[in-house]
Amino acid sequence: MDEAISHRSLHEDAESRLAQFEGLARKRRATRHFLQQPLERALVERLLRTAQWAPSGYNLQPTRFVVVGDRLSRSCILRACMNQKPVEEAPVVIVFAGDHHASNRLEETLESDLASGAITGDYADFLRKIVRLMFEQGPLGLNWLWKATLIPLARVFVPIPQMMAVHKRFWLAKQAMLCAMNFMLAAEAAGLRTVPIEGFDTVRLRRALDLPRSWEPILVVPVGYATAGPAKKTRLPLERVTLWR
């Protein structure tokens, strides 16, 4: 009897937490206009720390955050962002970037994970091998060349995952987007609004922010308090966008 009551209590608790998250996810909307109300640095840092907890391939954590928090800096990136109003109006703009050199810091990540007990020594050795295989481009890009040319042929005979050495930007975009979604949901929970912006000139944005050469801008997210309530949105019926196999 006690076990049945405990199971029912756990189920009810899970239902309640899922319902709360569903409400948060459905309420989140992109907003185009922001109040001129500043955000505390501590709050922005808290949102970014939440973003950091998004999963990343091999726990390499390649996403980098550029916080553009004053009017002058926002005006410097406005043209690169196609003069979109949210960039000008929001008190803070976060540029999510991907670091092409993230795999070079594998040992730093492994040391931290080993010290915390998150992984075993055997798994750390496995990661060293697989990350080298997946990411290494080699001298003069020779490793990139054979991976780009021979792997599509080999895939005819055996299943082979995408090699990050060949598809680095695609991989970085996936990692940064996972962080960005965490960030936007956390902002919604904090009573803030966001808008993800993909339309920008990458070269001009990198130059305007004086980014390290290995950092590639992936997404621009203005964040702040909205001037109005959430706009209405609809979604396609689930059966239109789902295959069950």
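Along the sequence shown, residues are numbered consecutively beginning with 1. Values in this document were obtained by computation on a predicted structure and should not be read as measured data.
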Exercise for the section: Mind checking the CZ-CD spacing from R17 to E15? Nearest 0.5 Å is all I need. Expected result: 10.0 Å
Problem - L18: hydrophobic cluster co-members (side-chain, 4.5 Å) - result: none
Problem - Whether Q36 side chain and A90 backbone form a donor-acceptor pair below 3.5 Å - result: no
Problem - Whether S16 side chain and D13 backbone form a donor-acceptor pair below 3.5 Å - result: no
Handout entry: For H101 against S214, the heavy-atom pair lying closest together
Key = ND1-CB, 3.5 Å
Completion exercise
Grouping ILVMFWY residues whenever side-chain heavy atoms fall under 4.5 Å, the cluster of V195 otherwise contains F34, V66, V68, I77, L78, V87, V93, V95, I197, F200, L205, L209, L211, W215, V220
Problem - Side chains of E216 and R206 in contact at under 4.5 Å (non-hydrogen atoms) - result: yes
Completion exercise
Nearest heavy-atom contact between P86 and P222 is O-CB, 3.7 Å
Please tabulate, one pair per line, all N/O donor-acceptor pairs under 3.5 Å involving side-chain atoms of residues 102-112, not counting sequence neighbours.
{"unit_1": "R105", "atom_1": "NH1", "unit_2": "D99", "atom_2": "OD2", "d": "2.8"}
{"unit_1": "E107", "atom_1": "OE1", "unit_2": "R128", "atom_2": "NH2", "d": "3.3"}
{"unit_1": "E107", "atom_1": "OE2", "unit_2": "R128", "atom_2": "NE", "d": "2.7"}

Handout entry: Within-4.5 Å side-chain heavy-atom neighbours: L192 and L43
Key = yes
Practice task
Working to the nearest 0.5 Å, report the span between CZ of R29 and NZ of K27.
Solution key: 10.5 Å
Can I get a per-line list of side-chain donor-acceptor pairs under 3.5 Å for residues 171-188, giving both atom names and the distance, sequence neighbours left out?
{"unit_1": "Q175", "atom_1": "OE1", "unit_2": "G57", "atom_2": "N", "d": "2.8"}
{"unit_1": "Q175", "atom_1": "NE2", "unit_2": "W171", "atom_2": "O", "d": "3.4"}
{"unit_1": "N182", "atom_1": "ND2", "unit_2": "T50", "atom_2": "O", "d": "3.1"}
{"unit_1": "E188", "atom_1": "OE1", "unit_2": "R193", "atom_2": "NE", "d": "3.4"}

Practice task
May I have the step-by-step check of side chain to side chain contact (heavy atoms under 4.5 Å, CB included) for R74 and E88, ending in yes or no?
Solution key: CA-CA 6 Å; R74 294 199 307 276; E88 184 177 35; 5.9 Å; no
Problem - Intermediate values then yes/no, side chain to side chain contact (heavy atoms under 4.5 Å, CB included), H33 and E89 - result: CA-CA 7 Å; H33 298 288; E89 291 183 6; 3.3 Å; yes
Problem - Sub-4.5 Å side-chain heavy-atom contact between T63 and Q52 - result: no
Practice task
Please lay out, stage by stage, how V44 and V223 fare under the test side chain to side chain contact (heavy atoms under 4.5 Å, CB included).
Solution key: CA-CA 9 Å; V44 176; V223 56; 5.8 Å; no
Fill in the blank from the handout: The side-chain hydrogen bond (donor to acceptor under 3.5 Å, both in side chains) partners of E45 (sequence neighbours excluded) come to R41
Problem - Within one Ile-Leu-Val-Met-Phe-Trp-Tyr cluster: L35 and V92, side-chain cutoff 4.5 Å - result: yes
Practice task
Determine whether I218 and F170 fall in the same hydrophobic cluster, where Ile, Leu, Val, Met, Phe, Trp and Tyr are linked whenever their side-chain heavy atoms lie under 4.5 Å apart.
Solution key: no
Exercise for the section: Say whether S73 and D70, considering side chains only, have a donor N or O and an acceptor N or O under 3.5 Å apart. Expected result: yes
Handout entry: Minimum-distance pair of heavy atoms, taken over all atoms of P91 and L39
Key = CG-CG, 3.9 Å
Practice task
Give the C-alpha distance, both sets of side-chain angles, the deciding distance and a yes or no for side chain to side chain contact (heavy atoms under 4.5 Å, CB included) between Q20 and L24.
Solution key: CA-CA 6 Å; Q20 290 177 11; L24 177 69; over 6 Å; no
Handout entry: Atom pair CD1 (I119) and CG (D125), whose distance is rounded to the nearest 0.5 Å
Key = 9.0 Å
Enumerate, atom names and distances included, each donor-acceptor pair closer than 3.5 Å involving a side-chain atom of residues 237-245, sequence neighbours excluded.
{"unit_1": "T242", "atom_1": "OG1", "unit_2": "L238", "atom_2": "O", "d": "2.8"}

Problem - Rounded distance (nearest 0.5 Å) linking atom CZ of F135 with atom CD1 of I130 - result: 10.0 Å
Exercise for the section: Please check if F21 and L47 belong to a single hydrophobic cluster, counting links between Ile, Leu, Val, Met, Phe, Trp and Tyr side chain heavy atoms closer than 4.5 Å. Expected result: yes
Handout entry: Any donor-acceptor pair under 3.5 Å from K85 side chain to R32 backbone
Key = no
Problem - Interatomic distance, E198 atom CD to M82 atom CE [nearest 0.5 angstrom] - result: 13.5 Å
